[in-house]
Protein chains: 2
Amino acid sequence: MQHAVLPEEGSDGRGYHALRRITRALDVHSRKLHREWKITSPQLLCLHTLQKESVHTLSLLASELHLSVSTVNGILDRLEARGLVSRSRSLEDQRKVLLGITPAGQALIDSVPELMRDSYLRAFSRMPADEQMLLSELLVKLARHFDPEITPAYHDLITGPATDYPEDRP
Amino acid sequence: MQHAVLPEEGSDGRGYHALRRITRALDVHSRKLHREWKITSPQLLCLHTLQKESVHTLSLLASELHLSVSTVNGILDRLEARGLVSRSRSLEDQRKVLLGITPAGQALIDSVPELMRDSYLRAFSRMPADEQMLLSELLVKLARHFDPEITPAYHDLITGPATDYPEDRP
DNA sequence: CACGATATTTTCGTACACGAAACAATCGGG
DNA sequence: CCCGATTGTTTCGTGTACGAAAATATCGTG
């Protein structure tokens, strides 16, 4: 049959089990990145996001990444301590803190080889194309099936609470 | 070219994005469990596993759950401090520490309502049956596509290192 | 028997991740 | 103009989660 990792598990538990293995693999990869390139996956994610748009503020960045502000704040603390990002209070609205990537930060992400950046994409790319497509669609669907209020969407913050779910058919 | 960060992305990055949302939802649910029932998902997972088989030792439990020994050790520390599990050195082999669930631990997991136990299953069960099946199979496949040495299987520890992979071996 | 190799657990340091509370700044009424 | 409500950031405490190193116990071989 279909390979049971644990003695007796129905199709319900298998997915959860696999999910834990996947997140663990991602975590282990992040630590490897940290050992070899002095940067972790979440840090890399923040840097890449900041690189693309410079108008970022903490709360915006957090909602884009689907992380809480305190989590992202901690990551930024470490990045700022190493001079990889800059924080500066906005002049128009002094509540806001504008985030930016520094030349040193830019240099660092340029130095990390493509292959090390994202182990998810590597594992993902080893699957047949049709399965890749199917899997990402199913993951997106599953994500939507968790209580919606738990993971407020990025767009909610900039367009106001959505009346409905947009992109059901992309 | 492709990365995995922002809302509008190809099917490669969407899966990663969705994965982060899912793990975040699971984490948030675990904290809710902690607030309302003084127990977290990983702790509940350990208790349930210990409940089923009493011969558990730390390293065995860790590999079953696909977590590192230090992680599980920390979880057990908290459970033991609350008198929910017991540790006792094995008499035959004093290196081993036998783990067991206490009556208090049993009582606690019995008191947590079914509905609170696993938000994954709830979200999962909201999907059509065929999609459930498909998703868990794809997740299992994806898990296998991560570097295998990163996630040593449970059976490796009790049956010795596998000579080969069960099914799809390219 | 001694002693190194192995097996197991524990400890330590670090990073992530969250919520709650504290803090800071802006804005709208009265 | 002050003062409460709101928005945004930082701080704090806790719980995962990992690897490396230390500590403990067993076992095999000389």
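All values derive from a computational prediction rather than experimental measurement. Lettering of chains follows the sequences in order, A, B, ..., and the numbering in each one begins at 1.
One can place NZ of B/K96 at 11 Å from P of D/dT26, the figure rounded to the nearest angstrom. One interatomic measurement links the two molecules: NE2 of A/H29 to C1' of D/dG19, which rounds to 16 Å at whole-angstrom precision. Look at CZ on B/R89: it is 8 Å from P on C/dT9, rounded to the nearest Å. When rounded to the nearest whole Å, the span between CG of B/L76 and P of C/dT8 equals 16 Å. One can place CD of B/E80 at 8 Å from P of C/dT10, the figure rounded to the nearest angstrom. Between the P atom of C/dC18 and the CG atom of A/L65 lies a distance of 10 Å, rounded to the nearest Å. Nucleotide D/dT16 holds its P atom 11 Å from the CG atom of B/D77, rounded to whole Å. Distance B/L79 CG to D/dG15 P: 11 Å, rounded to the nearest Å.
Comparing C/dC16, C/dG19, C/dC12 by their nearest atom to the side chain of A/P42 picks out C/dC16. The side chain of A/R95 has D/dG8 as its nearest neighbour among C/dC18, D/dT10, D/dG8. Comparing atom distances between the B/R78 side chain and each of D/dG8, D/dT16, D/dA20 picks out D/dT16 as nearest. The side chain of A/S68 has C/dC18 as its nearest neighbour among D/dT10, D/dG15, C/dC18. Of the candidate nucleotides C/dA15, C/dC18, C/dT10, C/dT10 has the atom nearest to the side chain of B/N73. Looking at the side chain of A/S70, the nearest of the listed nucleotides D/dT11, D/dT9, C/dC16 is D/dT11. Looking at the side chain of A/D93, the nearest of the listed nucleotides D/dT10, C/dT26, D/dT16 is C/dT26. Looking at the side chain of B/V97, the nearest of the listed nucleotides D/dT10, D/dT16, C/dT9 is C/dT9.
Taking the side chain as every heavy atom from C-beta outward, A/T102 and A/Q106 never approach each other to under 4.5 Å. Counting only heavy atoms from C-beta outward, the side chains of B/E131 and A/K141 approach each other to under 4.5 Å. Within the 4.5 Å cutoff, the side chain of B/L121 has no heavy atoms near those of the A/Y16 side chain.
For the OP1/OP2 pair of C/dC16 and a distance below 4.0 Å, the side-chain nitrogens and oxygens of A/T71 include no atom meeting the criterion. Put simply, A/R24 has no side-chain N or O that comes within less than 4.0 Å of OP1 or OP2 on D/dT16. At the phosphate of D/dG15, neither OP1 nor OP2 sits under 4.0 Å from any side-chain N or O atom of B/S30. The side chain of A/Q94 contributes no N or O atom lying less than 4.0 Å from OP1 or OP2 of D/dT9.
In this structure, A/R20 reaches neither bases nor backbone, as no heavy-atom distance under 4.0 Å exists between it and the strands shown.
Annotation: of the two residues near DNA chain C, A/V72 and A/H34, the 5′-most nearest-nucleotide partner is A/H34. Summary of the strand contacts: B/L91 and B/R31 both lie near DNA chain D, and taking for each the nucleotide with the nearest heavy atom, the more 5' one is attributed to B/R31. Nearest-nucleotide mapping onto DNA chain D: of A/R35 and A/L58, the residue sitting toward the 5' end is A/L58.
Closest of all the heavy-atom pairs between A/K38 and A/R35 is NZ-O, 3.5 Å.
No side-chain N or O of A/Q43 forms a donor-acceptor pair with one of A/H34 less than 3.5 Å apart.
Taking the charged nitrogens against the carboxylate oxygens, A/R87 and A/D77 do have a contact shorter than 4.0 Å, which makes a salt bridge.
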